[in-house]
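To start, the structure under review is shown below, and the notes come after it.
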Amino acid sequence: MRHSTTTDGAGMASLLLADSRLPVGGYTASGGLEPALLGGLPVHAVPAFIAMRLATVARVEAGTAVVASAAVRHLHAGAPGCTCTQGGDAATAEPVPVPVPEPAFASEDVAWAWAARNPVAAVRDSSIAQGRAMLRLVHRLRPDGPAAQWLEGLPRPLTARAVVLGAFAGELGLDGASVARVVGYDDVQSVTAAALKLEPLDPVDAVAWTLDSASHLDDLVAACADLVAPYDIPAHSAPQLEAWHAAHAATERKLFRV
């Protein structure tokens, strides 16, 4: 028996989307750690840096993805294939297709809300590059699915990774809490993986940092899991991180884009 991807496959989809080996260019970003280290952040402060991200900028990304997933789940609920009967004997009445409902919010609405919360051009550009790669994944794997439908016509400067990832996650059956956890976990792993490339660390330390971030990740999930509208997306900022990003954009010698 073939199981549905949108139900039984949600667990696998969650693991897939959180996997750094997904071909969407995640290796180009350090989660802001390289700019921070160059700006003077000591290595022993990396756990605090992770906690700061999970309380601020990662919530913007997670909230955006959760709202996008909610819009696609709404669209998916009325996907073609559902029919009802109208009048007369149900056994002989002519089937009437159930119209596909409009999504709660358009992809452009969600993307503009994301852009308004990301003032640094370099950060937006990095997210858009990864978003384009994620969009290619969507078009290859689910070309006629609700995520591709919802994302259709989204202008290139607005194809943020969180918007596309959230849309795809919604189609694959992830609920809001799962989407938020995937985004938050990916944020933590971006930082810890980059730390091993930037500093002479014991890899076990990076694993410990990830485990120690669990409570902060739980707080992010609790704050973002039930969001459904673009205006609900958190608008937290991290001014020092933004300054580091701006300086990093002008640096020629670097391993990571952001």
Side-chain angles (χ1 to χ4, degrees), residues 1-31 33 50 53-54 57-73 75-76 126-127 129-143 145-148 150-151 159-197 203-204 206-227:
M1 179 179 178
R2 186 178 184 276
H3 294 287
S4 169
T5 301
T6 57
T7 53
D8 303 289
M12 175 63 79
S14 179
L15 295 172
L16 177 71
L17 294 175
D19 193 335
S20 62
R21 292 163 293 190
L22 199 67
V24 294
Y27 59 86
T28 63
S30 71
L33 183 63
I50 291 171
R53 285 191 60 88
L54 290 175
V57 293
R59 294 194 185 194
V60 176
E61 299 300 304
T64 300
V66 168
V67 171
S69 71
V72 170
R73 282 196 304 274
L75 189 63
H76 199 191
S126 176
S127 177
Q130 293 181 56
R132 295 294 297 179
M134 180 69 74
L135 189 59
R136 177 178 178 272
L137 203 69
V138 172
H139 287 159
R140 284 288 302 276
L141 299 178
R142 298 289 189 273
W150 186 71
L151 293 164
T159 53
R161 176 182 179 275
V163 176
V164 183
L165 184 149
F168 197 29
E171 177 174 347
L172 294 177
L174 275 68
D175 61 15
S178 297
V179 175
R181 192 170 298 280
V182 164
V183 175
Y185 175 79
D186 180 76
D187 197 89
V188 174
Q189 287 290 67
S190 293
V191 173
T192 57
L196 296 176
K197 297 180 176 69
V204 177
V207 175
W209 293 343
T210 301
L211 289 173
D212 290 344
S213 70
S215 63
H216 301 292
L217 179 56
D218 288 343
D219 291 342
L220 176 147
V221 173
C224 298
D226 298 324
L227 304 182

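Residues satisfying the side-chain hydrogen bond (donor to acceptor under 3.5 Å, both in side chains) criterion with Ser178, sequence neighbours excluded, are Asp175. For Ala58, the side chain to side chain contact (heavy atoms under 4.5 Å, CB included) partners two or more places apart in sequence, or in a different chain, are Leu54, Asp187, Leu220. Under the side-chain hydrogen bond (donor to acceptor under 3.5 Å, both in side chains) criterion, Ser69 pairs with Arg73, not counting sequence neighbours. Judged as a side chain to side chain contact (heavy atoms under 4.5 Å, CB included), and not counting sequence neighbours, the contacts of Leu196 are Leu201, Pro203, Ala206. Partners of Asp226 under the salt bridge (charged side-chain N to carboxylate O under 4.0 Å, His left out) rule, at least two apart in sequence or in another chain, do not exist in this structure. Shown here are the salt bridge (charged side-chain N to carboxylate O under 4.0 Å, His left out) partners of Arg59, two or more places apart in sequence or in another chain: there are none. Residues meeting the side chain to side chain contact (heavy atoms under 4.5 Å, CB included) test with Ser14, sequence neighbours left out: Leu174, Val182. Remark: Asp219 pairs with no residue by the side-chain hydrogen bond (donor to acceptor under 3.5 Å, both in side chains) rule, at least two apart or across chains. Among residues two or more places apart in sequence or in another chain, the side-chain hydrogen bond (donor to acceptor under 3.5 Å, both in side chains) test is passed with Thr210 by Gln189. Not counting sequence neighbours, Arg140 has no partner by the salt bridge (charged side-chain N to carboxylate O under 4.0 Å, His left out) test.
Here the straight-line distance linking atom CG of Asp186 with atom CG of Leu165 works out to 7.5 Å at 0.5 Å rounding. Put simply, CG on Leu211 and CG on Leu217 are 11.5 Å apart, with the number rounded to the nearest 0.5 Å. Atoms CZ and OG1, on Arg132 and Thr159 in that order, are 5.0 Å from each other to the nearest 0.5 Å. Interatomic distance, OH of Tyr27 versus NZ of Lys197, reported as 11.5 Å (0.5 Å rounding).
Taking both residues in full, the closest heavy atoms of Leu17 and Ala169 are given as CD1-CB, 3.7 Å, listed atom of the first, atom of the second, then distance. Counting all heavy atoms, side chain and backbone alike, Ala148 lies closest to Val138 at N-CG1, 4.0 Å. Between Val183 and Ala65 the shortest heavy-atom distance is CG2-CB, 3.8 Å. Between Ala147 and Val72 the shortest heavy-atom distance is N-CG1, 4.0 Å. Residues Glu61 and Ser127 approach most closely at OE1-OG, 4.4 Å, considering heavy atoms. Residues Ser213 and Ile50 share a closest heavy-atom pair of CB-CG2, 3.9 Å.
The side-chain heavy atoms of Leu137 and Leu22, taken from C-beta on, include a pair separated by under 4.5 Å. You'll find the side chain of Leu151 reaches within 4.5 Å of the side chain of Val163, heavy atoms only. For the pair Arg142 and Leu172, the minimum side-chain heavy-atom distance is below 4.5 Å. Contact annotation: the side chain of Asp218 approaches that of Arg181 to within less than 4.5 Å [non-hydrogen atoms, C-beta and beyond]. Side-chain contact check for Leu141 versus Phe168: some heavy-atom pair is nearer than 4.5 Å.
Here salt bridge (charged side-chain N to carboxylate O under 4.0 Å, His left out) pairs that include residues 11-20, with residues two or more places apart or in two chains, are Asp19-Arg21.
Within the 3.5 Å criterion, the main-chain N or O of Gly31 finds a donor-acceptor partner in the side chain of Arg53.
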Next item on the list: Could you please spell out the steps behind the side chain to side chain contact (heavy atoms under 4.5 Å, CB included) verdict for Val188 and His216?
Entry: CA-CA 10 Å; Val188 174; His216 301 292; over 6 Å; no

